[in-house]
Structures are given as structure tokens and as C-alpha cells.
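What follows is a single structure, written as C-alpha cells, with notes after it.
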Amino acid sequence: MKIIMKLGILLATLLMHLIGTGQNSQKVYDSFNSEEGAMVLSFTKSVLEPFEFLLDDDTKKIVYKMKKVKFLSYNDENGKMSSTLAYSRIASRLNGGKYFEINPNELNCENCQFELEFEEEDEIKLIGYGADAMHLKEFHVLIRSDNHCILFSFYGDISIEDLKSCTKFSQSTKGLFNT
């Protein structure tokens with residue numbers, strides 16, 4: 001009986017380690033879920049269905065590749081840590097292993113230029129998770145501005161090429177929504 005207990009504990013420990021690998025983004029959301037000053041939201045792709053009429057066909061294909069979208073907003077005026085510390089904490093979790101930083105220039109497409117319009121002191125990171133840029137399982141946008149830290153996370157089978165298509169759509173609709 002003791003051998004079965006030991007094997008069970010060993011197996012449980014091994015499974016926890018295997019399941020935990022690649023789940024750093026979930027740990028980020030979990031760690032901020034009860035933090036003062038933080039707001040965490042999670043959406044499935046079905047929440048976008050009422051807004052399909054706003055999307056072109058290429059963007060719809062990409063959106064439906066995604067399984068869920070998560071959002072984390074941290075405001076240091078309502079919390080106990082600075083937005084800089086929150087940004088660093090998140091960035092360190094989304095680092096190493098299969099996580100890699102994406103150069104914003106990789107999102108440029110033929111007919112558009114991806115531009116990040118932030119103040120000089122703001123920080124932004126684009127982070128992918130997966131085998132390579134063609135097979136992303138996660139895509140994260142981490143932003144720190146003034147007293148806020150924001151994380152957008154997209155989950156599914158997406159690639160840099162998919163993100164380029166979304167950038168193209170975003171550029172084509174810029175005038176439509178900025179009236």
C-alpha cells in the first residue's frame with residue numbers, strides 16, 4: 001500500500017509539473033485576480049458574434065481560430081504596488097520556455113504600417129507562446145502607461161501572418177471608428 005501511495009504522489013507531482021508548464025499566462029491572471037486595483041475579464045469567441053458585421057472575411061477567419069481572449073487591467077491608484085512593478089511581474093512570468101518577444105515590425109503588412117502610438121515613458125511588449133511565429137498558441141500585448149498596466153491575451157492557433165491580417169483590417173477601419 002505504501003508503494004502505491006508513493007507512486008500516486010510521484011505521479012501527481014509529475015502531472016502538476018507537466019500541466020503547469022506553459023500555463024504561466026494563466027498564473028498571471030490568477031495572481032492578479034484577487035489583487036486590489038486589478039480587473040480581470042475573460043471572453044470566449046462567441047461574445048464577438050453580435051459584432052461579426054464589423055469584420056471582414058479574413059478577420060472573421062482569424063477571430064474564429066481563437067478560443068478565448070483575456071484582459072487584465074491594473075491601476076496602481078487603487079492597488080498596493082506600482083504599475084511598473086505589476087508590468088515587471090507580468091513580463092517576468094511571460095518569459096522563457098516557449099515564450100518569446102515579437103518585434104512590432106513583424107506585424108507590418110504590404111498596405112499598412114503598424115504604429116504604436118504611446119508616450120516616450122510608456123512600455124509595451126508583444127509576446128508569443130508556441131513552437132514558433134507560425135504556430136502561436138498564445139499572443140499577449142503588455143502595456144504600461146502612467147499608473148496603469150494592461151495585458152491582453154489571445155489564445156488559439158494563430159500566427160504572425162494572422163496578426164498581420166488583423167493589422168491590415170485595423171488600419172482599413174481606422175477612419176470608420178475615429179470620427
Side-chain angles (χ1 to χ4, degrees), residues 13 15-48 59 62-108 113-167 169-170:
T13 305
L15 283 174
M16 282 177 25
H17 174 71
L18 291 174
I19 291 170
T21 305
Q23 297 294 324
N24 286 347
S25 64
Q26 184 58 47
K27 289 178 184 175
V28 167
Y29 285 96
D30 290 346
S31 71
F32 277 89
N33 202 26
S34 60
E35 189 78 39
E36 285 183 43
M39 177 179 61
V40 176
L41 301 171
S42 183
F43 306 98
T44 61
K45 62 184 169 188
S46 62
V47 79
L48 296 174
T59 305
I62 295 160
V63 166
Y64 288 114
K65 285 182 173 184
M66 295 181 201
K67 293 181 174 98
K68 66 181 171 182
V69 176
K70 287 191 152 204
F71 171 75
L72 164 66
S73 174
Y74 179 79
N75 182 338
D76 66 11
E77 291 177 352
N78 301 327
K80 295 179 181 174
M81 72 178 97
S82 69
S83 61
T84 303
L85 179 59
Y87 179 90
S88 297
R89 211 167 109 185
I90 295 168
S92 69
R93 281 283 175 115
L94 303 178
N95 190 9
K98 290 187 177 184
Y99 286 97
F100 57 92
E101 203 162 331
I102 298 171
N103 182 334
N105 292 328
E106 290 183 54
L107 300 182
N108 289 333
Q113 184 71 20
F114 182 70
E115 294 178 22
L116 300 171
E117 297 176 15
F118 291 96
E119 300 297 321
E120 200 172 297
E121 65 275 0
D122 295 342
E123 297 178 75
I124 184 165
K125 283 185 186 260
L126 305 177
I127 302 165
Y129 175 86
D132 55 39
M134 294 308 298
H135 302 96
L136 297 174
K137 298 290 181 200
E138 301 174 13
F139 174 68
H140 306 277
V141 179
L142 177 59
I143 304 165
R144 191 205 56 78
S145 179
D146 295 328
N147 59 337
H148 287 86
C149 180
I150 298 171
L151 176 65
F152 291 97
S153 299
F154 304 91
Y155 300 86
D157 290 320
I158 50 180
S159 69
I160 294 293
E161 291 303 314
D162 292 335
L163 297 173
K164 282 182 183 180
S165 293
C166 284
T167 303
F169 173 74
S170 172

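Rounding to the nearest 0.5 angstrom, the gap separating the CG atom in Asp146 from the CD atom in Glu77 is 9.0 Å. Taking CG from Leu72 and NE2 from His140, the interatomic distance works out to 11.5 Å, rounded to the nearest 0.5 Å. Note that CZ of Arg89 is 4.5 Å distant from OG of Ser31, once rounded to the nearest 0.5 Å. Separation of atoms CG (Leu94) and NZ (Lys27) is listed at 11.5 Å; rounding is to 0.5 Å. Between Leu85 atom CG and Asp76 atom CG the span is 10.0 Å, to the nearest 0.5 Å. In this structure, CD1 in Ile127 is found 12.0 Å from CG in Leu136, a value given to the nearest 0.5 Å.
Under the side chain to side chain contact (heavy atoms under 4.5 Å, CB included) test applied with Leu126, the options Asn103, Val141, Leu142 reduce to a single match, Val141. Remark: of the listed residues Lys70, Gln26, Lys68, Lys70 is the sole one forming a side chain to side chain contact (heavy atoms under 4.5 Å, CB included) with Ser153. Of the candidates Tyr155, Tyr129, Tyr99, Glu138 forms a side-chain hydrogen bond (donor to acceptor under 3.5 Å, both in side chains) with just one, namely Tyr99.
Under the 3.5 Å distance criterion, with hydrogens and angles disregarded, no donor-acceptor pair is assigned to the side chains of Ser83 and His148.
Counting only heavy atoms from C-beta outward, the side chains of Leu151 and Phe32 never approach each other to under 4.5 Å. Looking at Lys137 and Lys98, their side chains never come closer than 4.5 Å, going by heavy atoms from C-beta outward.
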Decide side-chain contact (heavy atoms from CB on, under 4.5 Å) for Ile90 and Tyr74; before the verdict, give the C-alpha distance in whole Å, the side-chain angles of both, and the deciding distance to 0.1 Å. CA-CA 11 Å; Ile90 295 168; Tyr74 179 79; over 6 Å; no

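Scored by the ring-ring contact (aromatic ring centres under 6.0 Å, His included) test, Phe71 finds Phe152 as partners (sequence neighbours excluded). Qualifying side chain to side chain donor-acceptor pair (under 3.5 Å) partners for Ser42, counting only residues two or more places apart in sequence or in other chains: none.
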